[in-house]
A.B. asks: 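Before anything else, here's the structure in question.
Since the model is a prediction, treat every value here as computed from it, not as a measurement.
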Amino acid sequence: MRLLAPVPADRRPRRFGQLLVGLVLYGVTMGLMVRAAVGLDPWDAFHQGLTRQLQHVVPLSYGTVITAVSVLVLLAWIPLRQRPGIGTVANTLIIGFTTDATLALVPPVPGLGWQVLLLVAAVVGNATAGALYLGAGLGPGPRDGLMTGLVARGWGSVRRVRTCIELSVLAVGWVLGGAVGVGTVVYALGIGPLLHLLLPRLVVGRSRAA
């Protein structure tokens, strides 16, 4: 069995271009949400809390921790018999680096108005980024693949498994010192409807000749 899932034969330039744009934008929006400082989505609250704890021992950046967690989650695919795609590998390698770059370029913002603006930009941009890289059809991210792998192995419905995973990482992140707040709620309420709206418009379909 091949290590990676095969790349669809049609529209490859668009697929790879859309994947790259989506992953870079995803990392940018993660950095913007940190700078908004009003709460993070569950996985990023976990990443931030873990980063804060690890920095007492070793000076790891936030993006480095994101990448390390991605690798560990990807290893959990093995017993689930999930096959990553090239997009899964790119997700693991690109997002953490892009998040660190964004945090280096965008300083903390003063005032509630700027915080709200960054939060809205982060949530809308994150949904757009997710629709772009998922729509490219080159493989889900490590965390999404963990969810679909558990569902495929009979652990429950998509809604139940995703809810359990996200509540678990949110709780651990909060205990570790990750930022949980209004932004966490806004993200939780907004990301699903936005993805529902955007993803069908950004799926790369097969050409008629394929």
A.B. asks: I want to check something: taking the side chain as every heavy atom from C-beta on, are Leu75 and Ile78 in contact at a cut-off of under 4.5 Å?
C.D. replies: yes
A.B. asks: Check whether any side-chain heavy atom of Thr51 sits under 4.5 Å from a side-chain heavy atom of Phe46, and report yes or no.
C.D. replies: no
A.B. asks: Quick one: does Val65's side chain get under 4.5 Å of Leu54's, heavy atoms only?
C.D. replies: yes
A.B. asks: Any side-chain to backbone donor/acceptor pair from Thr64 onto Leu60? Under 3.5 Å, distance only.
C.D. replies: no
A.B. asks: Please check if the number of heavy atoms outside Arg160 that lie under 6.0 Å from its CZ is greater than 12.
C.D. replies: no
A.B. asks: Roughly how far, to the nearest 0.5 Å, is the CG atom of Leu23 from the OG1 atom of Thr92?
C.D. replies: 9.5 Å
A.B. asks: Within the side chain of Asp100, is there an N or O that forms a donor-acceptor pair under 3.5 Å with the backbone of Gly63?
C.D. replies: yes
A.B. asks: Side chains of Asn126 and Asp41: does their closest heavy-atom pair fall under 4.5 Å?
C.D. replies: no
A.B. asks: Are the side chains of Phe97 and Ile66 in touch, meaning some heavy atoms are under 4.5 Å apart?
C.D. replies: no
A.B. asks: Look only at the side chain of Gln48 and the backbone of Tyr62, and say whether a donor-acceptor pair between them is shorter than 3.5 Å.
C.D. replies: no
A.B. asks: Hey, are the side chains of Val180 and Leu40 touching, using non-hydrogen atoms and a 4.5 Å cut-off?
C.D. replies: no
A.B. asks: For Tyr187, which residues count as a ring pair (Phe, Tyr, Trp, His ring centres under 6.0 Å) partner, sequence neighbours excluded?
C.D. replies: none
A.B. asks: Name the one of Val7, Val89, Leu4 that satisfies side-chain contact (heavy atoms from CB on, under 4.5 Å) with Leu138?
C.D. replies: Val7
A.B. asks: Between Thr102 and Met30, is a side chain to side chain contact (heavy atoms under 4.5 Å, CB included) present by the stated rule, with each step listed?
C.D. replies: CA-CA 8 Å; Thr102 303; Met30 287 171 66; over 6 Å; no
A.B. asks: What residue pairs, at least two apart or across chains, pass side chain to side chain donor-acceptor pair (under 3.5 Å) with a residue in residues 142-154?
C.D. replies: His47-Arg143, Ser70-Arg143, Gln82-Thr148, Tyr133-Asp144
A.B. asks: In Å, rounded to the nearest 0.5 Å, how long is the span from CG of Leu170 to OG1 of Thr163?
C.D. replies: 12.0 Å
A.B. asks: Counting distance only, does the side-chain N/O of Arg201 pair as donor-acceptor with the main-chain N or O of Leu197 below 3.5 Å?
C.D. replies: yes
A.B. asks: Dump the intermediate steps for side chain to side chain contact (heavy atoms under 4.5 Å, CB included) on Val34 and Val106, then the final yes or no.
C.D. replies: CA-CA 10 Å; Val34 172; Val106 180; over 6 Å; no
A.B. asks: Could you tell me whether the side chain of Gln18 reaches within less than 4.5 Å of the side chain of Val204, counting heavy atoms only?
C.D. replies: yes
A.B. asks: Please round to the nearest 0.5 Å and tell me the distance separating atom CG of Leu194 and atom OG1 of Thr128.
C.D. replies: 7.5 Å
A.B. asks: Can you tell me how far the CG atom of Leu199 sits from the CG atom of Leu132, to the nearest 0.5 Å?
C.D. replies: 9.5 Å
A.B. asks: State whether the side chain of Arg15 and the backbone N or O of Asp10 hold a donor-acceptor pair below 3.5 Å, judged by distance alone.
C.D. replies: yes
A.B. asks: State the CG-OG1 distance between Leu103 and Thr98, to the nearest 0.5 angstrom.
C.D. replies: 11.0 Å
A.B. asks: Hey, is the main chain of Pro142 close enough, under 3.5 Å, to the side chain of Thr88 for a donor-acceptor pair?
C.D. replies: no
A.B. asks: Once side chain to side chain donor-acceptor pair (under 3.5 Å) is applied, what residue pairs with a partner in residues 166-180 remain, sequence neighbours excluded?
C.D. replies: Arg162-Glu166
A.B. asks: If only atom types and distance count, is the side chain of Thr99 paired as donor or acceptor with the main-chain N or O of Gly27 below 3.5 Å?
C.D. replies: yes
A.B. asks: Nearest 0.5 Å please: distance from the CD1 atom of Ile95 over to the CG atom of Leu93.
C.D. replies: 10.0 Å
